[in-house]
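In what follows, a structure is listed as structure tokens, so that the remarks can point back to it.
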2 protein chains.
Amino acid sequence: MPTPTLRTLAKELGLSRTTLSDALRGSPRVKAETVERVRAAAKAAGYERNPLTGAVMSQLRRSRGQQFRGVLAVLEIVGDSHTALAARYNDSLMAGISSRANDLGFKVERFVVGAQGLTLQRLDTILHTRGIQGLILLPAVGFPDLTELSWSRYTAVYADYFIDHPPLHCVCSDHYRSMIALLHELHARGYRRPGLIMEISLDERLQFRWEGAFLAQQKYLADITVVPALQLREITREAFQAWFRKYNPDVVLGHFPEAMDWMRACGAKLPKTHAFVCLNSLRTSGDCATLDFQTPLLGGRACELVIGQLLHNEFGVPSQPSLTTIPARLIEGPTLRAAKAGAAKAAR
Amino acid sequence: MPTPTLRTLAKELGLSRTTLSDALRGSPRVKAETVERVRAAAKAAGYERNPLTGAVMSQLRRSRGQQFRGVLAVLEIVGDSHTALAARYNDSLMAGISSRANDLGFKVERFVVGAQGLTLQRLDTILHTRGIQGLILLPAVGFPDLTELSWSRYTAVYADYFIDHPPLHCVCSDHYRSMIALLHELHARGYRRPGLIMEISLDERLQFRWEGAFLAQQKYLADITVVPALQLREITREAFQAWFRKYNPDVVLGHFPEAMDWMRACGAKLPKTHAFVCLNSLRTSGDCATLDFQTPLLGGRACELVIGQLLHNEFGVPSQPSLTTIPARLIEGPTLRAAKAGAAKAAR
DNA sequence: TGCAAATAACGGACGGTCCGAATTCCCGAG
DNA sequence: CTCGGGAATTCGGACCGTCCGTTATTTGCA
């Protein structure tokens with residue numbers, strides 16, 4: 001007896017091959033009762049669907065044909081505050097998302113949710129009527145709650161460290177590793193007294209990854225003089241200069257470019273006697289060394305994740321959320337000694 | 001302009017789709033000159049053939065559908081040492097890999113590389129002749145170098161924190177977040193003097209993520225009494241007991257279950273007066289609270305990554321490697337007070 | 001020149017998918 | 001009871017890249 005195929009099995013059951021295919025794949029287009037009947041018959045006949053063949057066929061069928069295969073929704077959750085920095089960050093993510101989505105044959109639409117935008121109920125119905133199933137959530141201040149969406153219809157990725165309501169896959173920069181790599185690089189360039197300044201609120205939402213990496217690495221790099229991190233609710237000029245004069249770090253890491261002026265006011269020459277590295281390139285204007293979070297890459301990765309799940313027909317909240325990260329890249333600048341020739345090595 | 005297909009391209013060239021297909025695959029059925037012409041035209045039109053699609057179609061035609069699966073190679077890189085623990089870890093990863101691969105229509109084959117196994121050159125030819133393109137690398141001791149494989153043919157994922165030769169996507173447990181979540185949970189259960197014991201070599205390959213998270217969290221949890229971490233090349237009974245007596249931590253976190261006996265020898269009652277949490281469930285035998293790395297899930301995620309890239313026809317070393325992580329899960333045990341009713345909350 | 005053999009290209013069929021069209025079902029209004 | 005319209009189901013057509021048998025063209029040689 002030859003191995004059964006979709007078509008032979010369909011003939012036996014008096015259904016079309018399409019219905020069989022959809023039923024075995026669990027498509028909502030087929031009535032639940034029919035799905036049961038088909039699955040039982042398939043099992044009896046010893047028919048097993050080949051998921052690899054299915055995936056390939058799906059790809060094939062999808063990609064040719066039209067220009068676009070679907071639409072992704074990018075959700076921007078706006079609360080009461082809404083800084084210019086966050087806007088730059090989000091725009092930069094969007095650029096990566098749009099570009100990668102376009103490569104993979106998807107279009108992107110942006111929706112604003114929250115205080116000044118749509119309610120979740122309204123969004124739910126809009127997405128439903130438009131048939132949009134893939135969601136990318138831009139970073140939101142605080143800990144957003146999106147449990148009210150009908151998640152069984154969607155597959156989503158959050159572009160920040162974590163989200164608990166509901167727990168979704170996340171894509172974010174790897175702050176821990178970036179800090180480790182940066183300290184290694186500074187060490188290789190001869191710096192021995194690295195100092196960190198940080199507003200607590202900035203590190204808190206990262207679960208203190210900046211400081212955690214800094215503290216751990218201080219202990220294990222050779223010949224390091226330990227400079228305690230300056231962590232405050234708010235970094236002021238006075239607090240900074242007191243700290244700077246007391247510990248005299250040879251390289252300062254922090255978010256605020258103003259610190260360069262404060263250092264110079266204390267008599268520091270950049271990069272001759274001291275160095276400064278800004279921890280977020282979006283805060284600078286090209287006048288200092290800084291870390292580039294490569295947000296377009298992050299956006300691209302988020303796209304790949306969502307689209308991958310769409311292609312596998314996986315919807316709903318994942319059973320175990322995962323976190324995908326990309327390390328930041330060091331951008332050279334006039335506030336940092338160049339790498340010694342030969343010792344030059346890209347940050348890991 | 002729609003993406004070209006075999007048929008449209010064939011019409012343009014005035015040839016049949018069969019000839020195109022054969023030519024692109026380099027079949028001897030087609031005249032060499034025609035092959036050249038076809039390949040040039042395909043390149044000009046931006047047509048790229050997908051080898052996985054080809055393989056699936058081929059097997060489909062040849063063997064009447066069923067029983068065809070794609071193949072992934074799992075590489076085990078064995079150096080001189082080879083502990084039982086590593087073997088358990090790898091087997092557990094394998095279980096997750098096999099299961100997820102099977103769901104997605106792939107088979108898995110395991111290859112041993114290194115000192116007691118295949119040379120890289122030999123592996124390269126084996127993979128080539130077998131037509132295997134997807135690779136999953138199991139964790140190796142030290143920092144393995146696999147640059148000698150012909151990477152343009154493969155797409156791969158490394159199941160550990162990082163690999164630099166070459167830089168590949170990685171999948172690994174999220175030690176930093178696991179530690180943060182664990183400390184939060186312990187804090188919620190009333191523990192205020194957490195202590196960490198760690199062999200330096202174990203944390204070093206994690207870039208000190210255990211200790212980094214521990215140090216950072218000690219600073220920012222409320223009402224914590226700081227107990228310095230016991231970090232040694234080797235943890236001995238004497239060193240441990242001296243540390244334990246001096247600082248009297250109310251909960252000890254570490255890799256070695258022997259520590260429980262040492263604590264008891266100092267008069268501690270588990271879980272009445274003190275608690276112990278093992279940081280790696282594979283080291284325990286069910287007699288204490290511990291962290292489960294959920295290795296099968298990690299393996300599954302690695303599969304999804306590799307297969308996703310195969311389906312998208314993406315080979316070679318990625319331009320920017322990413323790291324995908326999953327947090328560990330706390331397993332309750334008789335060495336830890338239960339969560340207070342109401343305050344119970346799954347670890348993030 | 002005649003004709004078999006070798007060479008080159010073609011057309012049909014295939015399995016599983018997507019998409020739009022067709023059919024059936026349901027339910028309230030007239 | 002009939003009709004209309006919209007939702008729920010099912011169906012048919014078109015499609016992908018491959019294999020394999022067939023057709024058309026050229027070559028080899030008596």
Side-chain angles (χ1 to χ4, degrees), chain A residues 2-38 42 45 47-71 105-106 128-129 131 133 310-313, chain B residues 2-11 13-38 42 47-70 104-105 131 311 313:
Chain A
T3 40
T5 76
L6 265 193
R7 281 166 166 84
T8 64
L9 201 57
K11 196 160 288 176
E12 250 173 68
L13 281 167
L15 291 167
S16 79
R17 67 191 189 291
T18 306
T19 308
L20 269 271
S21 174
D22 287 346
L24 289 171
R25 215 159 355 100
S27 157
R29 291 177 72 132
V30 187
K31 190 158 61 167
E33 182 205 323
T34 312
V35 169
E36 278 312 303
R37 200 158 52 98
V38 167
Y47 177 87
E48 234 180 298
R49 128 189 165 76
N50 186 329
L52 176 56
T53 310
V56 165
M57 288 297 184
S58 170
Q59 277 251 118
L60 231 44
R61 199 69 199 77
R62 231 184 260 254
S63 62
R64 320 299 184 193
Q66 273 98 23
Q67 203 77 317
F68 81 112
R69 314 178 196 175
V71 180
F106 280 76
H128 191 209
T129 56
Q133 303 182 299
L310 283 179
L311 294 179
H312 283 112
N313 272 326
Chain B
T3 26
T5 75
L6 268 192
R7 283 165 167 83
T8 64
L9 203 57
K11 195 161 286 177
L13 282 167
L15 290 167
S16 79
R17 66 191 190 290
T18 307
T19 308
L20 268 272
S21 174
D22 287 346
L24 289 172
R25 219 161 348 103
S27 157
R29 292 176 72 137
V30 185
K31 191 158 62 167
E33 181 205 322
T34 312
V35 169
E36 277 313 303
R37 197 158 52 98
V38 168
Y47 179 87
E48 225 179 309
R49 120 188 175 78
N50 185 326
L52 183 64
T53 307
V56 167
M57 286 298 189
S58 170
Q59 293 297 324
L60 214 50
R61 288 273 122 278
R62 198 188 313 249
S63 65
R64 290 280 180 231
Q66 292 312 305
Q67 85 253 15
F68 174 67
R69 322 234 110 185
L104 297 174
L311 291 176
N313 207 12

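Just so it is clear: chains get the letters A, B, ... in the order the sequence lines come, proteins before strands, and each one is counted from 1.
- A donor-acceptor contact under 3.5 angstrom links the side-chain atoms of B:Thr18 to the base of C:dG11.
- OP1 and OP2 of D:dT10 both lie 4.0 Å or more from every side-chain N or O belonging to A:Thr19.
- Both B:Arg29 and B:Gly54 lie near DNA chain D, and the one whose nearest nucleotide falls closer to the 5' end is B:Gly54.
- Following rounding to the nearest Å, B:Lys31 (NZ) and C:dC10 (P) show an atom-to-atom distance of 12 Å.
- Scanning atom types as modelled, one donor and one acceptor separated by under 3.5 angstrom connect the side chain of B:Arg17 and the base of D:dT18.
- For B:Arg7 against D:dG17, a side-chain-to-base donor-acceptor contact under 3.5 Å is present.
- The shortest distance between the side-chain N/O atoms of B:Tyr47 and the OP1/OP2 oxygens of D:dC16 is not below 4.0 Å.
- At a threshold of 4.0 angstrom between heavy atoms, the contacts of A:Val56 with the nucleic acid are absent.
- If you measure from atom CE of A:Met57 to atom C1' of C:dG16, you get 5 Å, rounded to the nearest angstrom.
- Nucleotide C:dG11 holds its C1' atom 14 Å from the CG atom of B:Leu15, rounded to whole Å.
- The shortest distance between the side-chain N/O atoms of A:Thr34 and the OP1/OP2 oxygens of D:dT9 is not below 4.0 Å.
- Spacing between atom CG of A:Leu24 and atom P of D:dT10 amounts to 13 Å, rounded to whole angstrom units.
- The shortest distance between the side-chain N/O atoms of B:Thr5 and the OP1/OP2 oxygens of D:dC16 is below 4.0 Å.
- Between B:Arg25 and D:dC19 there is a side-chain N or O to OP1 or OP2 distance below 4.0 Å.
- The interatomic distance linking A:Gln59 (CD) with C:dG16 (P) rounds to 17 Å, in whole Å.
- We find that CG of A:Leu6 is positioned 13 Å from P of D:dC11, with the value rounded to whole Å.
- Between the CG atom of B:Asn50 and the P atom of D:dC15 there is a distance of 21 Å, rounded to whole Å.
- A:Leu60 has its CG atom 11 Å from the C1' atom of D:dT18, to the nearest Å.
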